[in-house]
Amino acid sequence: MIRIAYQGFPGAFSQLAARQRFPEARTMPMPDFEAVVRAVRTGASEYGILPLTNSIIGAVASAHEAMALGAGLQLLEQVIAPIQHCLLALPGAAIERLRSVDSHPAALAQCARFWSARQLLPHPVDDTAGAARRIAMDRDYTRAAIASVEAAEHYGLTVLLRDIADAPDNRTTFVIFGCERATAAA
């Protein structure tokens, strides 16, 4: 079975993009973009996937920095995926009682008008699905996460609002890469 490393927890947009391209692959969560690159370089995973650009914010700088560390990596293809940011909270939470919103800095930037208009304090965390996981664990009804519907389902959260990005056609271009030795054998 093909293994593909992605940054984040289950329900992260990178995992969803990986499954879009490799539906039968074993997706491997990694704590950060550099860990995705390391997993491929060391052979722990045949492939990695990183978000490189977004239609609202442009380049995802930290992903580009991680790729720069990846000497010997071969870019295989791109996956362009629609990104539907949702506002997730604990079941029973009310939008008017929310005080803050957690998410990856790129997701917060893609939804800046939304959280700003509602006077929510943004709290950057390592990943969108990780934000959902944290909300579920902390049980704080005044906090929400910006993440995917799949993250809501995975962590038992409620989708309060869908499509909250600053532009209706929000898309991210992900790159799938492998190590030159692994791709030569494929």
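Atoms considered below: every heavy atom in the structure, side chains included; atoms not considered: hydrogens, waters and symmetry mates.
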Checklist entry - Donor-acceptor pair, D102 side chain versus A131 backbone, under 3.5 Å? => result no
Next on the checklist: Could you walk me through whether L157 and L90 satisfy the side-chain contact (heavy atoms from CB on, under 4.5 Å) test, starting with their C-alpha distance in whole Å, then the side-chain angles of each, then the deciding distance to 0.1 Å, before giving a yes or no?
Outcome noted: CA-CA 5 Å; L157 299 176; L90 292 168; 3.8 Å; yes
Next on the checklist: On a heavy-atom basis, which atom in A66 and which in E34 lie closest, and how many Å separate them?
Outcome noted: CB-N, 3.9 Å
Next on the checklist: side-chain contact (heavy atoms from CB on, under 4.5 Å), that's the test. Do L52 and T173 meet it? Break it down for me.
Outcome noted: CA-CA 6 Å; L52 288 188; T173 300; 5.5 Å; no
Checklist entry - Could you walk me through whether L50 and V37 pass the side-chain contact (heavy atoms from CB on, under 4.5 Å) check? => result CA-CA 9 Å; L50 292 176; V37 171; 4.2 Å; yes
Checklist entry - Okay, side chain of N54, backbone of A59: is any donor-acceptor separation there less than 3.5 Å? => result no
Checklist entry - How far apart are the closest heavy atoms of L160 and A93, and which atoms are they? => result CD2-O, 3.8 Å
Checklist entry - For A17, does its backbone N or O pair with a side-chain atom of R21 as donor and acceptor, under 3.5 Å? => result no
Next on the checklist: I need the minimum non-hydrogen distance between S100 and L120, along with the two atoms involved.
Outcome noted: N-CD2, 4.0 Å
Next on the checklist: Quick check on the hydrophobic clustering: are L16 and V149 connected, directly or via other members, by side-chain heavy-atom contacts under 4.5 Å?
Outcome noted: no
Next on the checklist: Just to verify, which of I146, I135, I164 counts as forming a side-chain contact (heavy atoms from CB on, under 4.5 Å) with V101?
Outcome noted: I146
Checklist entry - Would M67 and M28 show up in the same hydrophobic cluster when neighbours are defined by side-chain heavy atoms closer than 4.5 Å? => result yes
Checklist entry - Is L75 reachable from V60 through a run of hydrophobic residues whose side-chain heavy atoms are each under 4.5 Å from the next? => result yes
Item to check | Check: L98 and R118 side chains under 4.5 Å, non-hydrogen atoms | outcome: no
Checklist entry - Which atom pair, heavy atoms only, marks the closest approach of A89 to A144? => result CB-CB, 4.5 Å
Item to check | Pair Q7-D32, side-chain donor/acceptor within less than 3.5 Å | outcome: no
Item to check | Residue D166 excluded, over 12 heavy atoms near CG under 6.0 Å | outcome: yes
Next on the checklist: Run Y155 and L88 through side-chain contact (heavy atoms from CB on, under 4.5 Å) and show every step you take.
Outcome noted: CA-CA 10 Å; Y155 299 106; L88 314 180; over 6 Å; no
Next on the checklist: Nearest 0.5 angstrom please: T128 OG1 to Q15 CD, how far?
Outcome noted: 10.0 Å
Item to check | Over 12 non-hydrogen atoms of neighbours within 6.0 angstrom of CD in E77 | outcome: yes
Checklist entry - Measuring from E24:CD to R19:CZ, what's the distance to the nearest 0.5 Å? => result 10.0 Å
Checklist entry - Where does the angle between the aromatic ring planes of F22 and Y47 fall among parallel (under 30°), tilted (30 to 60°) and perpendicular (over 60°)? => result parallel
Checklist entry - Does the separation of the ring centres of F33 and H64 fall below 6.0 angstrom? => result no
Item to check | Distance in Å, C111 SG paired with N170 CG, rounded so as to fall on 0.5 Å steps | outcome: 7.0 Å
Item to check | Check: L108 main-chain N/O paired with S103 side-chain donor or acceptor under 3.5 Å | outcome: no
Item to check | Nearest atoms (heavy-atom pairs only) where F174 meets A81 | outcome: CE1-CB, 3.9 Å
Next on the checklist: With a 4.5 Å cut-off on side-chain heavy-atom distances among I, L, V, M, F, W and Y, is there a chain of contacts connecting V79 to I83?
Outcome noted: yes
Checklist entry - For L73, does its backbone N or O pair with a side-chain atom of R41 as donor and acceptor, under 3.5 Å? => result no
Next on the checklist: Which heavy atom of Q20 sits nearest to which heavy atom of P23, and what is that distance?
Outcome noted: O-CD, 4.3 Å
Checklist outcome for this item: Rounded to the nearest 0.5 Å, the CD1 atom of I2 sits from the CZ atom of R26 at a distance of 13.0 Å
Next on the checklist: Are F177 and V36 packed together at the side-chain level, in the sense that at least one heavy-atom pair is separated by less than 4.5 angstrom?
Outcome noted: yes
Checklist entry - Counting N and O atoms only, with roles assigned by atom type, does the side chain of S45 sit under 3.5 Å from a partner on the main chain of A5, one being a donor and the other an acceptor? => result yes
Item to check | Check: T142 side chain, R99 main-chain N or O, donor-acceptor pair, under 3.5 Å | outcome: no
Checklist entry - Looking at OG of S14 and CG of D127, how far apart are the two atoms once the value is rounded to the nearest 0.5 Å? => result 8.5 Å
Checklist entry - For I95, does the CD1 atom have more than 12 heavy-atom neighbours from other residues, nucleotides or ligands under 6.0 Å away? => result yes
Next on the checklist: Working to the nearest 0.5 angstrom, can you tell me the gap between E153 CD and S148 OG?
Outcome noted: 8.0 Å
